[in-house]
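The structure under discussion appears below in the form of structure tokens.
The model shown is predicted, which means the values in this text are computed figures rather than measured ones. So that the names make sense, note that chain A is the first sequence line, chain B the second, and so on, each numbered from 1.
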Amino acid sequence: MPYHTPIPGEDALTDVSFTNGLTDSQKKAVAHKDGPLLVLAGPGSGKTRVITCRVAALVRAGVRPWNICAITFTNKAADEMRRRVESMQIPSGAHISTFHSLCVRLLRRYAQAAGIRADFSIYDEDDQKHLLRQVLKSADVDAERFPPARLLGGISRCKNDLEDHVAVAARADDYYTKALAKAYRLYQQALDANNALDFDDLLLRTAFLLRDRPEVRRELGEKFRYLLVDEYQDTNHAQYEIARGLALDHGNLCVTGDPDQSIYRWRGADIGNILAFERDWPNAVVIRLEENFRSRPQILALADELIANNRRRKQKKLIPTRPDAGRIEFHTARDESDEACFVAEQIRRLIGQGATAGDIAVFYRINAMSRAIEEAFITRQIPYQVVRGVEFYARKEIRDVLGYLRLIANPKDDVAFARAVNSHSQGIGKTTLERLAIYAGDHNISLDQAAREARNIPAIAAAAQQKLAAFAALIEKFRRAAEGPVAPFIKTVFEESGYARSLEDGTAKDDNAVENVGELISAAAEYDKTAESPSLLDWLQEIALYSDTDAYDAESGRVSLMTLHAAKGLEFGSVFIIGLEEGILPHERARDGTDDLEEERRLCFVGITRARDNLTITRARYRTIRGQFLATIPSQFLFELGRSEQDDGGWQDDGEEQQDAEEPDEPIAAHRRRSAPVFRVNDVVRHGIFGRGRVKQYLDLGDDSVVTVRFDSGQTKSLALKYAKLEKAKI
DNA sequence: AAAACATACATTTTT
DNA sequence: TGTATGTTTT
């Protein structure tokens, strides 16, 4: 019996009021197409709507919902898509999730084929760091000389490229890579021993599963007959292989994306994946969506002016469809608190004029920049929400409780053991733990197992032996009770472990600690309600992929504060982007390397194109960075947006400070040593690599002076005189 | 073994 | 600036 009466695709699309500028044949392709489909779409063009409409159209054409799989990058995007699909009044059941959630699901189901156990722990950055440090300490490696964070970054990159440690070792021909390969091997062995996967493993294992087990691949191809991937420009190699593997047997792969909005290169995203889609799938139908239904024409013009500076990109138009209106404003503030005051005042004015707080957002490059804004909002009683990464799950008390729970769910999880035993404190300290680790290592067993055998470890004092054994027994007792709903179980563990008591008495470092654990329990209760058969393991694996960014509430009626990364996919009537300064946007770590710089530019582009009507861009002359009050240099992006230094008149100034570039404008410069040459604005200079250029701005900081030069090649660079060999050119 | 203290250190963006 | 580790004291 047919699941649903087939309806011609066009009708299905009309049905769901899909009227945003597609030609009839494009609509038909979106609704009907068996085979690969590439949607290249600019910001505000209804890209995600194409996906939801395709899902709806497929279902109406008789495809069973559970044969459709749509993949997004963030939980937030998945939720949004689920919401939209449900509102289309079609039978639900389509699988909509992030890459990582999908991988967890597949790896649990096909654990055996993937060569792992289904009850694995998922390690986040903190866990990874802990584990790597542990491993390097006990295995005296030359890799110890490199900072763990750097090694983890290197390992992550390898995993994203689907390289295992053997492959890395094989290509290692320099000191660092050799050390990396060794660290990778040891780290991976430790992960295996702990029955744990890190975020990258989730992708890598799934990609390998699809590659090495054709029967699994075929089975999944049968299950997910239609595959859709949103934000395809942000796929890394592993994700690319997963999408390809899942679609290999039927070719029904629809991807959407915008190369100009690729902002996750640092996480291994390869913009080449979307640029080469037509090569990978030669019969792909390509749809371009260039009309923008979101922003005012001036805003689009500004965005276009900026992004045109990127070389590695496909030319694309931003075609406005809305009439002229709205406002663009630039502002230079004195310092970050002055900047925050300005933003807050502007927002107050907007609200006074009838704007809704929920339709206003402030974007910044790094999370730390939210602070000044928050302070200004608090004094002015402007309601706001900060959309922040991790945060809640990074809290000490939350991690401690999760330590217990993870250890209960996965006895091999030594990282969880260390955390739990540490929070349990009372009598088990560093030394004991160290001795226990040595014993466990010698006998090739987990810390949990070693603790049970504590009485047989002569190196450990009798009293400590007792306590370890008691701890192991306690965990074992919990383990036997870990069935069924999660929330009551967490409560039991929290109280009976004695951790609740230790939070309440004495060391009240954080008076909200107990409350926070309560919140965790509520979250678990929520899970218990929705899950069909709740289990601790399932819940742990779910929340491991959860970040507070997902907690963004579109209906909160409050001003949203978030990073530019978190802003992707959202839109607001009025947008403020703060901190357009060299070293912040673009971030200092992206200053060398054009690819990195182009990514920063895309980030700025994403921010600008979030705005529907009003856009305000600000910078501060001074900013406190890591506790130091420093003079700043305007972002080169400001030049590209047509705001040159001389033309500062375009900036609305607070008037407190005169802006004479030649005048050393604060005591900072006065006592600096000087050995570097002095330049003036408009001096013609010569650089060994970039050639001839003209000084646009000179910041006098003695030896640390920075000079901004627009070179004849057209590019603008900010150079530290100390490093850049810059000389005055003759004429 | 725990607490108090000192010192180094890194410090983007997210799953 | 804050964290996170290492060192000394109790």
In Å, rounded to the nearest 0.5 Å, how long is the span from CG of A:Asn194 to CD of A:Gln134?
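Taking CG in A:Asn194 and CD in A:Gln134, the distance rounds to 10.0 Å.
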
Could you tell me how far apart [X] ([atom1]) and [N] ([atom2]) are, to the nearest whole angstrom?
{"X": "A:Lys568", "N": "B:dT12", "atom1": "NZ", "atom2": "P", "value": "20 Å"}
{"X": "A:Glu588", "N": "B:dT12", "atom1": "CD", "atom2": "C1'", "value": "10 Å"}
{"X": "A:Lys129", "N": "B:dA10", "atom1": "NZ", "atom2": "P", "value": "10 Å"}
{"X": "A:Asn367", "N": "B:dT12", "atom1": "CG", "atom2": "P", "value": "10 Å"}
{"X": "A:Arg150", "N": "B:dA10", "atom1": "CZ", "atom2": "P", "value": "12 Å"}
{"X": "A:Asn236", "N": "B:dT14", "atom1": "CG", "atom2": "P", "value": "16 Å"}
{"X": "A:Asn160", "N": "B:dT14", "atom1": "CG", "atom2": "C1'", "value": "12 Å"}
{"X": "A:Ile366", "N": "B:dT14", "atom1": "CD1", "atom2": "C1'", "value": "15 Å"}

Between A:Phe576 and A:Phe363, is the ring centroid distance below 6.0 Å?
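A:Phe576 vs A:Phe363: aromatic centres not under 6.0 Å.
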
Using the ring-ring contact (aromatic ring centres under 6.0 Å, His included) rule, take A:Tyr240 and A:Phe99 through it: C-alpha gap first, then chi angles, then the decisive distance, then the call.
CA-CA 10 Å; A:Tyr240 164 85; A:Phe99 265 105; over 10 Å; no

Let me spell it out: for each of A:Ala461 and A:Phe199, pick the nucleotide of DNA chain B with the closest heavy atom. Which residue's pick is nearer the 5' end?
A:Ala461

Please give the distance between the C1' atoms of C:dA4 and B:dT13 as a whole number of Å.
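About 22 Å, rounded to a whole number of Å.
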
Letter by letter from the 5' end, nucleotides 1-10 of chain C scores (B base, S sugar-phosphate only, - none; protein heavy atoms under 4.0 Å) BS--S-----

Could you verify whether a donor N or O on one side chain and an acceptor N or O on the other, from A:Glu581 and A:Ser635, lie under 3.5 Å apart?
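No.
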
Would you indicate what A:Phe99 reaches in the nucleic acid, counting non-hydrogen atoms under 4.0 angstrom: base, sugar-phosphate, or nothing?
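Counting heavy atoms under 4.0 Å across all strands, no contact is made by A:Phe99.
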
Using a 6.0 Å distance limit plus a 45 degree cone around the ring axis, check whether [X] lies over the aromatic ring of [Y].
{"X": "A:Arg267", "Y": "A:Tyr264", "answer": "yes"}
{"X": "A:Arg406", "Y": "A:Phe417", "answer": "no"}
{"X": "A:Arg211", "Y": "A:Phe208", "answer": "yes"}

Which is it for A:Thr256 and A:Asp230 under the side-chain hydrogen bond (donor to acceptor under 3.5 Å, both in side chains) test, yes or no, and what are the steps along the way?
CA-CA 5 Å; A:Thr256 71; A:Asp230 198 11; 2.6 Å; yes

Would you confirm whether A:Lys47, through its side chain, and A:Gly569, through its main-chain N or O, come within 3.5 Å as a donor-acceptor pair?
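A pair under 3.5 Å: no.
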
DNA chain B: stems of at least 3 consecutive Watson-Crick or G-U pairs, cut-off 3.5 Å?
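Correct response: B:1-10 with C:1-10.
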
Stacking between A:Trp266 and the base of B:dT12 (centre distance under 5.5 Å, interplanar angle under 30°)?
no

